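So that the names make sense, note that chain A is the first sequence line, chain B the second, and so on, each numbered from 1. Computed from heavy atoms alone, side chains included, the values below leave out hydrogens, waters and symmetry copies. From a predicted model like this one, the values you see are computed outputs, not experimental measurements.
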Amino acid sequence: DAKTTQPPSMDCAEGRAANLPCNHSTISGNEYVYWYRQIHSQGPQYIIHGLKNNETNEMASLIITEDRKSSTLILPHATLRDTAVYYCIVRRGYQKVTFGTGTKLQVIP
Amino acid sequence: SAVISQKPSRDICQRGTSLTIQCQVDSQVTMMFWYRQQPGQSLTLIATANQGSEATYESGFVIDKFPISRPNLTFSTLTVSNMSPEDSSIYLCSVETQKTGGLNTEAFFGQGTRLTVV
């Protein structure tokens, strides 16, 4: 699996958009970009994933650059409940999920 | 989607004893995985639980310490054997399912078992 690089921590004001970056410069053509988050003391939760097109669901938006070497997860209106560790992972389907250290997002009132 | 039930949710165990953690899924899944999350750390894959054959262990994990069973497509167990305080961690079960209408997949995780060894 390609390696990802994320900032260790970020702060975001409640109600504002949280933009979480991820670099994956060695991603291969058949690898997807997945985002998960882990709220304290819970199991990781799937957020969104994409291959090359931008994606949006009820939780977030995923923006992938044209060269696919980086992506940004956008939480449009962050709430206190979005405080969590966010993991960016690149992988093919039916492969083990390898977690990096992620970004610890703190939403501030 | 898949709903995963993990038991127990937490336990405090004496060193030298063993604990078996159960993972039950509400649907048949091809792939099941066991992870460990040490305090303040990210998740580390222990092994892939294979139905009908021996589990596939990652580097640093061995069958004698973490025996795994996978008797069918909805159930697996992980045993933490001869425990020491260093085994105090959260242990998580994960399954992989195919997303509807596509070739890619989605991973679901249980809520984990918080183990403290004293």
Side-chain angles (χ1 to χ4, degrees), chain A residues 1-9 20 22 27-53 55 57-60 62 64 68 71 84-106, chain B residues 1-7 9-10 21 23 25 29-51 55-61 89-116:
Chain A
D1 292 342
K3 182 180 173 67
T4 63
T5 304
Q6 297 177 254
S9 64
L20 291 87
C22 179
I27 190 171
S28 60
N30 58 355
E31 287 182 317
Y32 289 78
V33 180
Y34 282 79
W35 283 84
Y36 292 85
R37 73 179 181 184
Q38 187 175 26
I39 297 171
H40 182 62
S41 298
Q42 297 183 21
Q45 176 190 22
Y46 165 84
I47 301 173
I48 199 169
H49 78 285
L51 184 62
K52 55 183 179 180
N53 297 323
E55 302 286 345
N57 63 21
E58 65 278 3
M59 290 182 67
L62 174 61
I64 302 174
R68 303 212 320 127
S71 60
V85 178
Y86 287 78
Y87 296 99
C88 169
I89 294 159
V90 293
R91 59 189 282 258
R92 296 188 296 274
Y94 288 110
Q95 281 197 329
K96 60 189 180 185
V97 179
T98 301
F99 288 85
T101 53
T103 295
K104 186 172 184 178
L105 176 67
Q106 181 70 50
Chain B
S1 66
V3 177
I4 301 172
S5 300
Q6 228 180 290
K7 294 180 182 178
S9 59
R10 58 177 63 232
I21 303 168
C23 177
V25 190
V29 293
T30 303
M31 304 190 76
M32 296 181 75
F33 305 92
W34 287 97
Y35 289 82
R36 179 177 74 182
Q37 187 170 30
Q38 294 176 300
Q41 303 293 314
S42 184
L43 286 79
T44 301
L45 181 65
I46 297 172
T48 302
N50 302 308
Q51 196 267 329
T56 304
Y57 289 84
E58 298 298 306
S59 176
F61 298 96
S89 296
I90 298 174
Y91 293 85
L92 297 108
C93 171
S94 172
V95 303
E96 190 86 1
T97 64
Q98 186 167 359
K99 292 191 69 67
T100 302
L103 297 178
N104 52 84
T105 61
E106 184 173 336
F108 295 89
F109 291 82
Q111 290 303 300
T113 296
R114 185 179 294 273
L115 171 63
T116 302

Heavy atoms, side chains only, cut-off 4.5 Å: are A:Pro44 and B:Tyr35 in contact? no
What about the rings of B:Phe33 and A:Phe99, do their centers lie closer together than 6.0 Å? no
Sort B:Gln6 into side chain, backbone, both or neither according to what part of it lies under 4.5 angstrom from a heavy atom of chain A. neither
Region of B:Leu45 that comes under 4.5 Å of a non-hydrogen atom in chain A: side chain
In terms of heavy-atom proximity below 4.5 Å to chain B, should A:Gln45 be classed as side chain, backbone, both, or neither? neither
On a heavy-atom basis, the closest approach of A:Tyr46 and B:Ala107 is CB-O, 4.2 Å
When only pairs under 4.5 Å are counted, which of B:Glu58, B:Arg114, B:Gln41, B:Gln111 shares the most heavy-atom pairs with chain A? B:Gln111
Per-residue contact mode, B:Phe108 against chain A (heavy atom under 4.5 angstrom): neither
